[in-house]
Amino acid sequence: MRILVCIDDTDNMESKGTGELAEMIAEHIETSNWGKTTRITRHQLLVHPDIPYTSHNSSMCFEADIDTSYLRVLIDFAADFLVRESAPESDPGLCVAVIDQIDDVDTLIKYGHRAKQDVMTKKEAYNMAERLGIHLSEHGGTGQGVIGALAGVGLRLSGNDGRFKGKHKINGINDIVTAGEILSQTDIDAVRCLDGNDLDYNDKVRLNDWVKSVLLEGKCVLIVSPTENDPDGVKWQMCPKKILKSLG
Amino acid sequence: MWKVNERGEKVFRGGKEDGAGAAQAADKCPNFKLDVEDEIVADELRSCYNCRYRRWTAESFACYKPE
């Protein structure tokens, strides 16, 4: 069965980040042979004075394909893990959704989008999770992280939110590769410019040390922007970080 | 470059789009600490925008480790 696992509000300014904890949970799923996991996405939620986030209010989500028999043990492990590993003054939340058993996907996606715009309540999150048949639990502090954990699942399901954790490693001669080489060397699904068009296989791209992708149309997409006066005539380069931020 | 808000927090006056100002402020700051890779948003790595001790607000960020 395919599931989505999302955690939120696990850190403080000195502790491991929420992304690192999500990565550790995913690694445990793999090493325990419970199933296979996919890349983690980071989902930005509302930044507002009434929301008690640590520094950026984002949640971290990944998909896993597991044997049905491991669902309960996975949830129990993740819950214990959050109690053990979250920062003392954090308010961690855990959401685990079985994708094919979500009663109303559109409602969950709308909830995710609302969490980017409105201040939400825990009660609303729990009501929504119960109605849609999704596991939602809190593991310390005020448990406020359940809101972001549920929203993160909705946003991941939307297929059009967030940036992928980690950087892609690509080998290129003098840091120049074709779009086709990027696709063949990585799990990136498309190399796309800001106007929404995908590059052709032979289009050349100048790399840097910051090859990050975003979730668009359910795909892992590398966004590129035009170069200016490239010495080798390469037309495309990695998108500036601040544009990536605006996309995910 | 900074102002104090109603909560007593030190808030960056440049908002979220003053990359040069945020880099300049971080350059002078002994408490700067690069955040985890997931949260890096400014091309200039040594920037308050990339600092572990910034807390984003609707318009800008507050510094939680002032000098």
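Order of the sequence lines fixes the chain letters, A, B, ..., with proteins taken first and strands second; residue numbering starts at 1 for each chain. What you see is a predicted model; the values in this text were computed from it and never measured.
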What part of A:L46 is in contact with chain B, defined as an atom under 4.5 angstrom from a non-hydrogen atom: side chain, backbone, both or neither?
-> neither

Counting only N and O atoms by type, is there a donor-acceptor contact under 3.5 Å from the side chain of A:Y53 to the main-chain atoms of B:W56?
-> yes

Give a yes or no answer on whether the side chain of B:R52 reaches the backbone of A:S55 with a donor-acceptor pair at less than 3.5 Å.
-> no

Can you tell which part of A:T54 gets under 4.5 Å to a heavy atom of chain B, answering side chain, backbone, both or neither?
-> backbone

So which of B:K16, B:R54, B:E17 has the largest heavy-atom pair count under 4.5 angstrom toward chain A?
-> B:R54

How far apart are the closest heavy atoms of A:V47 and B:T57, and which atoms are they?
-> CG1-C, 3.2 Å

Find the distance between CG (A:N12) and OH (B:Y64) and round it off to the nearest 0.5 Å.
-> 12.5 Å

Does A:K167 NZ have over 12 foreign heavy atoms under 6.0 Å away?
-> yes

Note, A:H56 side chain near B:D35 side chain (heavy atom, < 4.5 Å) | yes

Got A:M13 and B:K33 here, is their nearest side-chain heavy-atom distance under 4.5 Å?
-> no

If every non-hydrogen atom of A:K241 is compared with every non-hydrogen atom of B:V41, which pair is closest and at what distance?
-> CB-O, 3.2 Å

Is B:D43 reaching over with its side chain to a backbone N or O of A:P240, donor-acceptor style, under 3.5 angstrom?
-> no

When you check the gap from the basic side-chain N to the acidic O, do B:K65 and A:E14 get nearer than 4.0 Å?
-> yes

With a cut-off of 6.0 Å (strictly less than), are more than 12 heavy atoms of other residues, nucleotides or ligands near CG of A:N174?
-> no

Roughly how far apart are A:E23 CD and B:D38 CG, rounded to 0.5 Å?
-> 8.0 Å

For A:N229, look at atom CG and say whether over 12 heavy atoms of other residues, nucleotides or ligands are found less than 6.0 Å away.
-> no

Are more than 12 heavy atoms from other residues, nucleotides or ligands located less than 6.0 Å from atom CD of A:Q185?
-> yes

Backbone N/O of A:P49 and side chain of B:R7: donor-acceptor pair under 3.5 Å = yes

Under 4.5 Å from any heavy atom of chain B - which part of A:K16 = backbone

Taking B:E37 for its side chain and A:K165 for its backbone only, find out whether a donor-acceptor pair lies under 3.5 Å.
-> no

Where does B:A42 contact chain A at under 4.5 Å (heavy atoms): side chain, backbone, both or neither?
-> backbone

